[in-house]
Amino acid sequence: MRLIMLGAPGAGKGTQSTFFAERLNIPHISSGHLFRKNITEKTELGKEVQEIISRGELVPDRIVIAMMMERILQRDCGRGYILDGFPRTYEQATALKHALLEYGEQIDHALSLEVPDELIKKRMPSRLVCPDCDTSYSALNNPPLVPGVCDRCGAQLVTRADDNEETVSKRLETFHNETEPLKDYYRRKGILIEVDGTKNPDEVYKDIVRALVHHGNH
Ligand code: AMP
């Protein structure tokens, strides 16, 4: 199964992607996580994108597309994958489509998590992430079992540098201008599934599974 997770920053894409990756035993590929890893490891790519990401802007298409296609073509992706945060522009979506077509493959579903901006702005200040495995937590609806500690790997949770109020507003604006139009693109292809992302993560997960079953996939 090849899935795309669409939604505003903080809509729950990472959390839902993790659930699905575990259930389906396929890789969860987050473009944001790959960039953050490069920034932490101070690679050339990391140095190139650090400023852009801290401003809440999108990394140029050619950079993201090259990074993601390299990852998708790795052996562990043979049975499918879940893409979290990619594609984010029309150019990225069409590049992905054409690259997959060369292998006779296509995306099965684009899942869009619907969360109003007002709730995103409430969620973000309380968001904590694991610097090692990138798992996100929220004091509002998804707290860690032990405060400040990652459930999965035990690392000390941190606040993401781009989760401050100003950058979140910029990221929301970018989302509405650049990424939200992709919903129409995937709707026209008949593979868009819209799910209410305002509920708690377990309920959202159940709603997605129900929607996938309804669309003939599970
Ligand atoms: P995320 O972890 O998905 O919120 O991504 C964090 C940041 O990485 C974004 O705000 C962008 O600056 C950059 N980024 C991640 N994915 C993409 C993408 N597909 N296209 C462009 N920039 C991206």
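Note that the structure is predicted; figures quoted are calculated from it, not measured. In listed order, ligands and their atoms are each counted from 1. Note that the numbering runs from 1 along the sequence shown for the chain.
- Closest protein heavy atom to atom 12 (O) of ligand 1: E57 O, 2.6 Å.
- Within the 4.0 Å heavy-atom criterion, the part of V64 lying near ligand 1 is the side chain and not the backbone.
- Between I52 and ligand 1, a contact under 3.5 Å exists for no N or O pair.
- Scanning all protein heavy atoms for the shortest distance to atom 8 (O) of ligand 1 gives I53 CD1, 3.6 Å.
- Protein heavy atom closest to atom 9 (C) of ligand 1, with residue, atom name and distance, is R88 NH2, 3.9 Å.
- The N/O atoms of R160, backbone and side chain alike, include one that comes under 3.5 Å of an N/O atom in ligand 1.
- Residue D84 places no N or O, backbone or side chain, under 3.5 Å from any N or O of ligand 1.
- Which of M67, H33, E51, R36 comes nearest to atom 2 (O) of ligand 1 through a heavy atom is settled by distance: it is R36.
- The atoms of ligand 1 that sit less than 4.0 Å from any heavy atom of S31 are 15 (C), 16 (N), 17 (C), 19 (N).
- Between the T135 side chain and the C130 main chain, no donor and acceptor come within less than 3.5 Å of each other.
- Considering backbone and side-chain atoms together, V59 places an N or O closer than 3.5 Å to an N or O of ligand 1.
- A salt bridge is defined here as a Lys NZ or Arg NE, NH1 or NH2 lying under 4.0 Å from an Asp or Glu carboxylate O, and K183 with E114 meets this definition.
- Among protein heavy atoms, the minimum distance from atom 20 (N) of ligand 1 is reached at Q92 NE2, 2.9 Å.
- Side chains of D162 and T167: no donor on one and acceptor on the other come within 3.5 Å.
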